Amino acid sequence: MNIQDNRETANKAVREWKSHHQQTYSEFKRQVAAIGSGDLSLMERTIGLLDDCMPQNARNFFAYILKYIMNPDSVADDQTAFSDYDQLAAECIFHHAMIKVDSSTGEIEETKIPDSDCIIIKTDDLGESFESMPSSMKCVLNDLIKQMVASGIDTPLADQDRLALQNLALLVTKTVYVYSLLFVPEYLERLYKRIVVEGEPLAYCIYFFVTFDHGLRQMADVFSKQMVDGQSTSFTAEMFRMCLRTFIAHSLSNRTDTKEGWQQLANETSSDDCWKEIMFTLRSCQESY
């Protein structure tokens with residue numbers, strides 16, 4: 001079965017589940033609406049579900065990275081292996097090897113040619129990612145870096161030291177990026193067990209919500225009430241804009257929503273920031289979808 005066949009099979013199973021669990025889905029929708037008034041219990045449950053499915057190797061890896069960031073010397077002699085693909089990960093991080101991850105079979109291997117049916121891991125363009133960010137996001141990240149440096153270092157950094165810090169940050173970013181994707185097959189296997197074998201209702205609700213109930217559009221409306229107001233920080237406001245752009249692009253590319261639907265939200269929202277971001281994003285992706 002290809003990706004399209006898998007998607008149609010999943011869609012059919014989720015529709016059938018929802019037809020027999022109307023009350024469960026109605027309660028889920030109530031909890032979604034409650035986010036707008038500050039009730040984050042649904043978000044906590046969702047994060048809990050994702051955390052339950054995290055492989056132990058992934059937990060070990062992120063714990064290692066945290067220790068490394070706080071004190072590189074503390075892991076200098078740590079030879080812990082995080083996966084069977086540590087050598088391949090190193091080739092990708094340091095020598096630009098390209099990795100193919102087949103999420104349906106769990107197969108991971110080096111490749112020279114991208115495959116549209118697989119996750120492709122490459123780090124060539126990560127160094128340019130910062131330059132391609134919106135200027136507002138670059139300002140936010142620069143401010144965060146300055147705050148982190150100021151909190152841990154008493155004297156101003158020399159240009160050479162600042163460059164070394166930036167290179168270290170890029171190395172950590174590449175490492176987290178590569179390993180996070182390498183853990184995807186095992187992560188999906190655990191999530192599949194929770195959904196198909198154990199019948200996890202939250203996962204069914206989220207799938208139906210996003211795919212058939214214009215869920216990303218509804219979440220954008222909810223987030224606009226929570227993340228963009230008179231008390232918002234520049235970081236929170238920029239996170240909202242990034243979420244909104246991602247929601248719009250994902251819903252249009254997967255045909256779970258339409259430009260007309262997003263324009264309707266723009267016309268109905270009371271948030272000027274939400275209206276501006278929706279209209280800007282729709283104009284930006286006009287030729288793509």
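Keep in mind that what you see is a predicted model, and the values were worked out from it rather than measured. Each residue takes its place number in the sequence, starting with 1.
Residues passing the side-chain hydrogen bond (donor to acceptor under 3.5 Å, both in side chains) test with Y64: none are found, sequence neighbours excluded. Looking at residues two or more places apart in sequence or on another chain, you find a side-chain hydrogen bond (donor to acceptor under 3.5 Å, both in side chains) between E198 and R194. Every residue meeting the side chain to side chain contact (heavy atoms under 4.5 Å, CB included) condition with T175, not counting sequence neighbours, appears here in chain and number order: F61, I65, I93, L171, Y179. Among residues two or more places apart in sequence or in another chain, the side-chain hydrogen bond (donor to acceptor under 3.5 Å, both in side chains) test is passed with E27 by R30, Q31. Shown here are the side-chain hydrogen bond (donor to acceptor under 3.5 Å, both in side chains) partners of H96, two or more places apart in sequence or in another chain: D124.
Aromatic ring orientation, F209 versus F28: perpendicular (interplanar angle above 60°, classes split at 30° and 60°).
Cluster partners of V197: none. The rule joins Ile, Leu, Val, Met, Phe, Trp and Tyr whenever side-chain heavy atoms lie under 4.5 Å apart, and it links nothing here.
Around CG of D51, the count of heavy atoms belonging to other residues, nucleotides or ligands within 6.0 Å exceeds 12.
Side-chain contact between H20 and E16: present, with at least one pair of heavy atoms (C-beta onward) separated by less than 4.5 Å.
With hydrogens and angles disregarded, no donor-acceptor distance shorter than 3.5 Å links the side chain of D39 to the backbone of I35.
For F208 and F212, the ring centers sit closer than 6.0 Å to each other.
Look at R245 and E277 and you find a salt bridge, because one of the NZ, NE, NH1 or NH2 atoms lies within 4.0 Å of a carboxylate O, short of that distance.
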